[in-house]
Amino acid sequence: MVARRIALCIALGATVLACASDPNWGERDAFRLYTRSLEKANRYNVSALISQRDPQGGGWEVVQVERDKDGHVHKSVIQPLAYMGIESVDDGERWQTYLPDQRVILDQESSLKHSDFAVQRLKLASKNYRFSLESDSFVAGRKAYCVVARPTHDELFSHRLYLDQETLYPLRAESFRGNELQIEFFTKDVAFPSRMDPGVFVLHNTFGVKRITLHAPVKIMSAKQARKELGFGIVMPKGLPYGFMVQEMQLSTDNTWHALVVRLSDGLARATVYEYPASESGISVMEHSSVRVIGDVKLQIVSELDEKCREALLDTFEDQLVKQPSGHRWDLLMP
C-alpha cells in the first residue's frame with residue numbers, strides 16, 4: 001500500500017514539474033493546487049461533518065468522516081433518519097459497510113487500491129479544462145482557495161472546488177453552467193487533530209451480524225476477452241465526444257446478471273455504461289441515466305451529465321457496430 005502511494009506521489013510530482021516548465025506557469029497555479037489536493041499521502045488527520053447529495057438520488061445526507069495520515073477512512077451517516085447508523089471503514093485493502101437494518105456487513109475490496117486512475121484523470125483534466133483561481137472564500141470557518149475548472153466543450157458543466165488553504169482538504173464542490181448551480185457537497189465542520197485513535201477505524205457492535213463478501217469486478221483488458229467471458233456481443237466506443245476516454249472495463253460478478261461495465265471520464269466528469277443482453281432485466285432505471293437497445297445488446301449510461309451529453313456518448317457506441325454475417329448478433333468492429 002505504501003509503495004502504491006509513493007508511486008502515485010511520484011507521478012503527481014511529474015505532472016506538477018511538467019506544469020512548472022510551462023512559460024505560463026503563473027496561470028497554472030490553480031491546476032497545481034488541484035493536483036496537490038488529490039495526493040493520497042495526505043499529511044493531515046481529518047475529522048469532518050459533511051453534507052452531500054445522496055448518490056442514489058434520495059436528497060441530502062449528513063456524514064461524519066474521519067481519515068488518518070495513513071489513509072484509513074471511517075464514515076457514518078448522521079442524517080436522514082432512514083440511513084442513520086450506516087457506517088463504513090476502509091483501510092486501503094478492504095472496504096466494510098455496516099447496514100444496521102439488515103444486520104449485515106458488506107465486505108469488498110477497497111477502491112483506494114486503484115489509485116493509478118488519479119494520474120490518468122489529471123492528464124485528461126489538464127487537456128479538457130481551463131483552471132483558474134477566484135477570490136478566496138470561507139467554508140466551515142476555514143479560509144479556502146477557490147479553484148475553477150471550465151470545460152473546453154460548452155455542453156459540459158464547469159466545476160468549482162474550495163480547498164482549505166492550510167491543508168488543501170476539499171471543503172466544498174459545486175458544478176455550474178449559466179444560471180444553473182448544483183452543489184455536490186459542503187463541509188459543515190472540520191478539524192485536523194494531531195493524532196487519531198486507531199479504534200475509530202474499526203467497526204463495533206458487530207456481534208451476531210452476518211458478513212457478506214462481495215467480489216470485486218473483474219478487470220477486462222480487451223473487447224475480445226469481454227466477449228469470451230460474457231458470451232454475447234459487446235460494444236466499445238471509438239472517438240468519444242467532449243474529450244471523454246475509456247478509463248476501465250470490468251465484468252460484473254453478480255450472479256443475477258452478466259454485464260460489461262465501461263467507465264468513462266474527461267478528467268472531472270464521469271459516466272458509467274452497463275452492457276448486457278437486451279433479454280435480461282439488468283439494473284433498474286436510475287436517476288441521471290439513459291437506456292438504449294442496439295441489436296441484442298442493451299446499454300444503460302449513468303452520469304450527472306445532462307441527457308443530451310449522455311445520448312451523444314451512447315451514439316459513439318452505436319457507431320461502432322456492424323452486423324455479423326450470420327445476421328444474428330451484433331459485435332464490435334475491431335481494427
Side-chain angles (χ1 to χ4, degrees), residues 4 55-56 88 90 92-97 104-121 124 211-240 244-266 269-286 288-303 305 310 313-324 326 328-335:
R4 280 193 299 273
Q56 300 301 319
S88 66
D90 193 333
E93 294 293 332
R94 304 299 299 177
W95 172 22
Q96 301 177 76
T97 302
V104 300
I105 293 176
L106 304 180
D107 187 342
Q108 56 194 309
E109 184 181 57
S110 169
S111 60
L112 300 177
K113 296 182 70 173
H114 306 289
S115 57
D116 54 317
F117 293 117
V119 179
Q120 298 177 25
R121 288 196 294 269
L124 281 175
R211 183 179 296 271
I212 300 176
T213 300
L214 303 177
H215 299 288
V218 178
K219 188 174 182 179
I220 293 295
M221 302 307 296
S222 69
K224 182 178 180 180
Q225 180 188 0
R227 290 195 299 275
K228 180 179 179 181
E229 296 286 344
L230 290 169
F232 64 86
I234 61 97
V235 191
M236 285 298 295
K238 184 177 182 181
L240 286 163
F244 274 77
M245 292 187 66
V246 175
Q247 295 288 285
E248 184 179 34
M249 292 190 300
Q250 296 176 321
L251 286 181
S252 169
T253 56
D254 190 326
N255 291 330
T256 61
W257 69 310
H258 300 284
L260 177 69
V261 183
V262 184
R263 305 194 187 279
L264 313 174
S265 178
D266 71 346
R270 302 182 189 182
T272 301
V273 178
Y274 300 88
E275 301 185 25
Y276 48 94
S279 58
E280 294 188 10
S281 59
I283 59 176
S284 59
V285 177
M286 301 172 61
H288 306 298
S289 68
S290 301
V291 178
R292 184 179 302 187
V293 177
I294 308 174
D296 56 6
V297 179
K298 181 179 289 186
L299 280 72
Q300 180 166 345
I301 183 170
V302 180
S303 175
L305 297 170
R310 293 196 301 266
L313 289 171
L314 287 180
D315 286 343
T316 60
F317 282 76
E318 185 166 5
D319 290 345
Q320 289 303 300
L321 288 178
V322 294
K323 200 145 188 184
Q324 296 296 306
S326 63
H328 297 298
R329 123 175 181 172
W330 294 75
D331 216 333
L332 175 70
L333 175 61
M334 298 295 291

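What's counted below: heavy atoms across the whole structure, side chains too, no hydrogens, waters or symmetry copies.
- Residues V262 and V246 meet the side-chain proximity criterion, which asks for heavy atoms closer than 4.5 Å.
- Nearest heavy atoms, L240 versus P237: CD2-CB, 3.6 Å.
- The CZ atom of R263 lies 14.0 Å from the CZ atom of F244; values are rounded to the nearest 0.5 Å.
- Contact record, S88 with W95: CB-NE1, 3.6 Å, taken as the closest heavy-atom pair.
- Side-chain contact between D296 and P277 is absent, with no heavy atoms from C-beta onward closer than 4.5 Å.
- Using a 4.5 Å heavy-atom cutoff, the side chains of D107 and R94 are in contact.
- Distance check: T213 OG1 to L106 CG gives 9.5 Å after rounding to the nearest 0.5 Å.
- Y276 places none of its side-chain heavy atoms less than 4.5 Å from the side chain of V297.
- Between T272 and L264 there is no side-chain heavy-atom pair separated by less than 4.5 Å.
- In this view, R292 and E311, D315, E318 satisfy the salt bridge (charged side-chain N to carboxylate O under 4.0 Å, His left out) rule, not counting sequence neighbours.
- Within the 4.5 Å cutoff, side-chain heavy atoms of L313 are placed close to those of I301.
- With hydrogens and angles disregarded, no donor-acceptor distance shorter than 3.5 Å links the side chain of S110 to the backbone of D90.
- The shortest non-hydrogen separation linking Q300 to S289 is NE2-OG, 3.6 Å.
- By the side chain to side chain contact (heavy atoms under 4.5 Å, CB included) test, L124 is found to be paired with N128, M245, Q247, residues two or more places apart in sequence or in another chain being considered.
- Side-chain contact between V261 and L251: absent, with no pair of heavy atoms (C-beta onward) separated by less than 4.5 Å.
- The minimum heavy-atom distance linking T316 with G239 is given by the pair CG2-O, 3.7 Å.
- Using a distance-only test at 3.5 Å, with no hydrogens or angles considered, a donor-acceptor pair links the side chain of R310 to the main chain of L305.
- Between M249 and L260, some side-chain heavy-atom pair lies under the 4.5 Å cut-off.
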Check against side chain to side chain contact (heavy atoms under 4.5 Å, CB included), Y274 and L299
CA-CA 6 Å; Y274 300 88; L299 280 72; over 6 Å; no
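- Of all the heavy atoms in F317 and E275, the pair that sits closest is CE2-OE2, 3.4 Å.
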